[in-house]
Colleague: 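Pasting in a structure now, in structure tokens, and then I'll have a few things to ask.
In this chain, residues are counted from 1 in sequence order. Counting starts at 1 for both ligands and their atoms, following the listed order.
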Amino acid sequence: MLPVSQAEQMILDLVQPLRETESIDLTLATGRILATEIVSRLDFPHWANSAMDGYAVKFADVRSSTSKHPITLEVVEEIPAGYQPQREIQSGEAARIFTGAILPDGADTIVMQEHTQRVQKNFVKIQIAPTARAFVRQQGEYARSGDPLLTAGMVLNAPEIAILAATGSSQVEVYRRPRVAILSTGDELVSLEQLLKPGQIVDSNQYALAAFVTQAGGVPICMGIVPDDRAKLTAAMSEAIASADLVLSTGGVSVGDYDYVEAILAELGGDIQIRAVAMKPGKPLTVARFERSDRAIVYFGLPGNPVSALVSCWRFVKLALVKISGLPASSWQPNWIAATTTEDLTADGKRETYLWGKLALSDGGYQFSLAGGSHSSANLINLAGTNALAVIPVDVTMLAAGIAVQVLVL
Ligand code: AMP
Ligand code: MG
């Protein structure tokens, strides 16, 4: 059976980044992926300005000031933030200035307010000599007009949004989000609106996978439930393949009499690359590639068990979506960290085993705590709160409490 690491590499090789972009409003760009380099249109700061509330002076005038022998300057102008200074500072003069205000011509240094004493109405005593150019933010000190500020492939979070706003980008060019078709197969499934009859369960995978896709930056296209009926399944699968950038179906990939997905994929012309992976949960996994006139797309036939479906998404589909979305190659890898397990982790040693639980930072290191209750691939109940999967390699049957374990951060 195919080892997990090999399946990961095959999947990454199968999917290709979408290159289409769209221009969107900056206020809607949070979490999106930048598609172009952003070059500064301005110097940052745009002009020399004060980093303090205080007085703008000529350093040469005040270099010898002390509290015993303060130097007195005439205050010739007041410069609040947002105001354009009207005159050049001459020797013997100062301007009252506030944080973020333009440094007036002639001044080169700011004396902080706390080191001064205002006397009469228009004079100020400098009681401690500043250092030359103190508290002046020089024009272009952070970036020059024409400097690259952001590179294509960056995720737009609060810092990048701040930079785009500061450089005047009200619209931003981002990669289009991948459209991911989701369909659930199984005669036992009903949607949320329906009353459960004996033998029926709610199609929880549809909702779980839609949430997963959204969190991974994709647009879920929920195609609903398809019964275990070859003709209906063929129609639904071919519609999904024709319309989406990636297809996820759950169920119907095991060896049961009603497991048609793989056969239909082959009939529809899919190039089936993966049939099963040596992992637990998540062994049944069918991955097929379809050539379409516009692009090649990948179909994931995921196991129906709710935990297996999600583990396969976290372990494989996530990486595919990361690559398709336009993120740089450096992020096409699982987010592994080393943690200490708080209790014994056991496995059968035959397949790479994934156990779900919570990762937390404590005593200076990461600790993994196994979710309580049954680690059955059908038990979605104890998945609640899961933020990490601990992995037990093949041939290992126990990782004792206190031992380091590789953890996939979700
Ligand atoms: P299958 O892979 O079709 O054999 O399904 C395996 C198990 O997962 C069965 O117990 C199904 O009832 C369950 N299952 C399949 N699809 C779903 C779904 N969409 N939502 C919740 N459970 C499912
Ligand atoms: Mg089924």
Colleague: Report, in ascending order of atom number, the atoms of ligand 1 lying under 4.0 Å from any heavy atom of V202.
Modeller: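 What qualifies from ligand 1 is 20 (N), 21 (C).
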Colleague: Counting distance only, does the side-chain N/O of N379 pair as donor-acceptor with the main-chain N or O of S376 below 3.5 Å?
Modeller: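 Looks like no, no N/O pair under 3.5 Å.
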Colleague: Starting from atom 11 (C) of ligand 1, find the nearest protein heavy-atom neighbour and note its residue, name and distance.
Modeller: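 Here the closest protein heavy atom is E188 OE2, 3.0 Å.
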Colleague: Ignoring angles and geometry beyond distance, decide whether G304 reaches within less than 3.5 Å of ligand 1 through its nitrogen or oxygen atoms.
Modeller: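 Looking only at distances, the answer is yes, because the N/O contact criterion of under 3.5 Å is met.
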Colleague: Determine whether a donor-acceptor pair (N or O, by modelled atom type, separation under 3.5 Å) exists between the side chain of D259 and the backbone of S254.
Modeller: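 The answer is yes, because a donor-acceptor pair under 3.5 Å joins these two groups.
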Colleague: With no hydrogens and no angle check, is any side-chain donor or acceptor of N382 less than 3.5 Å from a backbone partner on S374?
Modeller: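 Flag set: sc N382 to bb S374 pair under 3.5 Å.
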Colleague: Give me the nearest non-hydrogen protein atom to atom 22 (N) of ligand 1 as residue plus atom name, then the distance to 0.1 Å.
Modeller: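 Result: I201 CD1, 3.4 Å.
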Colleague: Of N205, V261, N305, which has the heavy atom at the shortest distance from atom 6 (C) of ligand 1?
Modeller: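 Answer by nearest heavy atom: N305.
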Colleague: Check whether any side-chain N or O of Q6 sits under 3.5 Å from a backbone N or O of P3 as a donor-acceptor pair, and report yes or no.
Modeller: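 No; zero donor-acceptor contacts below 3.5 Å.
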Colleague: Flag the pair E22 and R177 as a salt bridge only when some basic side-chain nitrogen lies within less than 4.0 angstrom of an acidic carboxylate oxygen.
Modeller: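 Result for this pair is no, no salt bridge flagged.
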Colleague: Of all the atoms in ligand 1, which lie at a distance below 4.0 Å from a heavy atom belonging to S184?
Modeller: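 Every atom of ligand 1 under 4.0 Å from some heavy atom of S184: 19 (N).
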Colleague: So does S191 get a backbone contact from the side chain of Q194, meaning a donor-acceptor N/O pair under 3.5 Å?
Modeller: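 Side chain of Q194 to backbone of S191, a donor-acceptor pair under 3.5 Å: yes, one is there.
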Colleague: What's the shortest distance from atom 21 (C) of ligand 1 to any protein heavy atom, and which residue and atom give it?
Modeller: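 Of the protein heavy atoms, S204 OG, 3.4 Å lies nearest.
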Colleague: Could a heavy atom of G252 be found less than 4.0 Å from some atom of ligand 1?
Modeller: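 The answer is yes: ligand 1 sits under 4.0 Å from a heavy atom of G252.
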Colleague: Please answer whether the main-chain N or O of Q86 pairs with a side-chain N or O of E77 as donor and acceptor at a distance below 3.5 Å.
Modeller: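 Flag set: sc E77 to bb Q86 pair under 3.5 Å.
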Colleague: Cation-pi check for Y299 against R289: NZ or CZ below 6.0 Å from the six-membered ring centre and within 45 degrees of the axis, yes or no?
Modeller: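 No, R289 does not lie over the aromatic ring of Y299.
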Colleague: Can you find a non-hydrogen atom of D203 under 4.0 Å from ligand 1?
Modeller: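 Contact present.
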Colleague: For ligand 1, which atoms sit closer than 4.0 Å to a heavy atom of T250?
Modeller: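 It comes down to these atoms of ligand 1: 19 (N).
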Colleague: Does I225 reach ligand 1, in the sense of a heavy atom lying below 4.0 Å from it?
Modeller: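 I225: no contact with ligand 1 (<4.0 Å).
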Colleague: Is there a heavy atom in P306 that sits closer than 4.0 Å to ligand 1?
Modeller: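 Yes, P306 has heavy atoms under 4.0 Å from ligand 1.
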